[in-house]
Amino acid sequence: MAERAALEELVKLQGERVRGLKQQKASAELIEEEVAKLLKLKAQLGPDESKQKFVLKTPKTGFHHVGQAGLEPLTSGSPSSLASQSGITGVSHCAWPQGTRDYSPRQMAVREKVFDIIIRCFKRHGAEVIDTPVFELKETLTGKYGEDSKLIYDLKDQGGELLSLRYDLTVPFARYLAMNKLNNIKRYHIAKVYRRDNPAMTRGRYREFYQCDFDIAGNFDPMIPDAECLKIMCEILSSLQIGDFLVKVNDRRILDGMFAICGVPDSKFRTICSSVDKLDKVSWEEVKNEMVGEKGLAPEVADRIGDYVQQHGGVSLVEQLLQDPKLSQNKQALEGLRDLKLLFEYLALFGIDDKISFDLSLARGLDYYTGVIYEAVLLQTPAQAGEEPLGVGSVAAGGRYDGLVGMFDPKGRKVPCVGLSIGVERIFSIVEQRLEALEEKVRTTETQVLVASAQKKLLEERLKLVSELWDAGIKAELLYKKNPKLLNQLQYCEEAGIPLVAIIGEQELKDGVIKLRSVTSREEVDVRREDLVEEIKRRTGQPLCVC
């Protein structure tokens, strides 16, 4: 430190000398010579790390990914041109889409409530919770996501290991099962995942986001676990009260059988599957143009596919396709249709068959699905009577993936799996927008009572009482002032939504009571100090015993 201080003093003196020479209008050669000395001293000094300036913003993972050689730009150009390439409009020179975000206390309060509803449902259905690392070996993730594999974030080589940030929670779960030689488990996992996708903040699409997964692994009788997954999906979406929804259901075996009888070459199954999966966003003509123009499919083959994938309905459509002279002759498709018929029987018993639609256009682009697949979409109220409701966005999805664990097991041991993922980021966006529109107040704390005083010099008594309440499991606060005004304390409760105030005064201390005030009704009652905890718990609906 002393050496740096001496250098700083020399830099200061040399700087003053240079400024003096300039004021005296000394020769250019002399000024240049002294400036060179100043620059040399500054180079020796180096940057002051304690005074480093930081750029205050969230990381723009939107336009960079981490490659083996470090950070590499995804593309080049101005912010507006980059935005255009990413399908984002209305972007100024500084308005970069980030792909990540910070969350305010209000937003976190909404998120916690959503998570609580989801977790309670998962636990109600008997799930255990697990966790896995945020990154995996690159080879673990490679080749599991079809065309979406290009969206994986790769990290730099760390000690001889090539790593990638997890793209979802399903592949790490399959790796976990194989590594621990588990044959069955019912688990849930809520954690962040990472994708180099085009961010769309208003639609809840980011590059860093949460997934809420529920999975059932093990050999069980057909369609029972699958039906429970769909029941869970419906329970959660109904509990969240985000609007009417529909769950589309299909089966990969039906799709593969359909592609086969329509004349799609085996090598093009997955890429054509990816095109069909876009039918919820674009028209059939656009999908057909992509299959024919970009992927080299014969137009007549595309037309045959179109005859099937534009159909949707209930169990009656399943029965109709079981009679289809071509599709029913394909072994894979026949197995899928029979399982779907059984699934609809179980869904009727669960009372959710009216929320389910058999949709032949549903494809789910991920490579690891092997059987039933499903996706929940929110419905937009029709503008005219008699019109069908429109799907306005996916909020949950999942399916069966019986071969994924075997890809990691040294002996190829298969563990059948089925699961679902709740699209919480989109749900958060919907709930936040709804609260904004209603101008609804959201509590950001769970404080049950504020410990207040009516007179001065009662800080010690407030500290003793709030400590008693904390020790009894009561969520309590006090203002950090020695002598706060009672009006200010009551106003704080109203602003923070705190329901109760425990008021200490000199007379109350003499009488051995606490004045308990309801903030909304302004009703006050004297409660014996020894009964205060029980009274607060009774009024706030908290269990009377803390176990």
Open item on the list: Do Leu343 and Phe358 have side chains that approach each other closer than 4.5 Å (heavy atoms only, starting at C-beta)?
Closed with: no
Under 3.5 Å, which donor-acceptor pairs do the side chains of residues 222-239 form with other protein atoms, sequence neighbours left out?
residue	atom	partner	partner atom	Å
Asp226	OD1	Arg400	NH2	3.0
Asp226	OD2	Arg400	NE	3.0
Glu228	OE2	His125	ND1	2.8
Lys231	NZ	Phe350	O	3.3
Glu235	OE1	Arg124	NH2	2.9
Glu235	OE1	His125	NE2	2.9
Glu235	OE2	His125	NE2	3.3
Ser238	OG	Cys234	O	2.8
Ser239	OG	Glu235	O	2.8

TODO: Return the minimal non-hydrogen interatomic distance between Leu435 and Val110, and the atom names on each side.
DONE: CD1-CG2, 3.6 Å
Open item on the list: I'd like to know if the side chain of Asp402 and the backbone of Cys417 have a donor-acceptor N/O pair within less than 3.5 Å.
Closed with: yes
Task: Aromatic ring pairing Phe214/Phe122, orientation class (parallel under 30°, perpendicular over 60°, tilted between) - done: tilted
- [ ] State plainly whether the residues Lys281 and Glu286 are in salt-bridge range, i.e. N to O under 4.0 Å.
- [x] no
Task: Rounded distance [0.5 Å steps], OG1 in Thr142 versus CD1 in Ile152 - done: 5.5 Å
Task: Lys355 vs Phe245 side-chain heavy atoms within contact, under 4.5 Å - done: yes
Open item on the list: Please give me the minimum heavy-atom distance between Ala363 and Asp277, naming the atom from each residue.
Closed with: N-OD1, 3.2 Å
- [ ] Return each pair, listed once, that meets side chain to side chain donor-acceptor pair (under 3.5 Å) where at least one residue sits in residues 172-187; pairs must be two or more places apart or across chains.
- [x] Glu136-Arg175, Asn183-Arg413, Arg187-Asp215
Table please: side-chain donor-acceptor pairs of residues 317-326 below 3.5 Å, with sequence neighbours left out.
residue	atom	partner	partner atom	Å
Asp324	OD1	Tyr308	OH	3.3
Asp324	OD1	Lys326	N	2.9
Asp324	OD1	Leu327	N	2.8
Asp324	OD2	Tyr308	OH	3.2

Task: Contact check, side chains of Leu162 and Leu137, non-hydrogen atoms, under 4.5 Å - done: no
Open item on the list: Nearest 0.5 Å, please: how far is CG in Leu165 from NZ in Lys192?
Closed with: 12.0 Å
TODO: For Glu335, check side-chain contact (heavy atoms from CB on, under 4.5 Å) against everything at least two apart and list the hits.
DONE: Arg253, Lys331
Open item on the list: Are Arg252 and Leu255 packed together at the side-chain level, in the sense that at least one heavy-atom pair is separated by less than 4.5 angstrom?
Closed with: yes
- [ ] Give a yes or no on whether the backbone of Glu425 and the side-chain of Ser429 come within a donor-acceptor separation of less than 3.5 Å.
- [x] yes
Task: Value rounded to 0.5 Å, distance of NE2 in His189 from CG in Asp168 - done: 11.0 Å
TODO: Return the set of residues passing side-chain contact (heavy atoms from CB on, under 4.5 Å) with Gln107 (not counting sequence neighbours), or none when no residue passes.
DONE: Arg101, Tyr103, Ser104, Glu432
Task: Lys123 charged N/C atom sitting above Tyr188 aromatic ring, 6.0 Å / 45° - done: no
Task: Where Ser357 and Leu246 come nearest, the two heavy atoms and their spacing - done: CB-CD2, 3.9 Å
Open item on the list: Is there a side-chain contact between Arg111 and Met108 in this structure, where contact means two heavy atoms from C-beta onward sitting under 4.5 Å apart?
Closed with: yes
Open item on the list: Side chains of Tyr210 and Val114, heavy atoms from C-beta outward: is any pair under 4.5 Å?
Closed with: no
Task: Within-4.5 Å side-chain heavy-atom neighbours: Lys414 and Val405 - done: no
Open item on the list: Using the rule given for salt bridge (Lys or Arg N to Asp or Glu O under 4.0 Å), can you reason through Asp303 versus Lys288, listing the C-alpha separation, both sets of side-chain angles and the distance that settles it, and then say yes or no?
Closed with: CA-CA 8 Å; Asp303 288 335; Lys288 179 184 173 182; 2.8 Å; yes
Open item on the list: Tell me which pairs pass ring-ring contact (aromatic ring centres under 6.0 Å, His included) where either residue lies in residues 255-287, with sequence neighbours left out.
Closed with: Phe259-Phe269
Open item on the list: Side chains of Phe173 and Ile185, heavy atoms from C-beta outward: is any pair under 4.5 Å?
Closed with: yes
Task: Gap between atom OG of Ser164 and atom CG of Leu155 - 0.5 Å precision - done: 6.0 Å
Open item on the list: As an exercise, state the distance from CG of Leu169 to CD of Gln211, rounded to the nearest 0.5 Å.
Closed with: 5.0 Å
Task: Pairwise distance CG(Asp359) to OH(Tyr374) - rounded to 0.5 angstrom - done: 16.0 Å
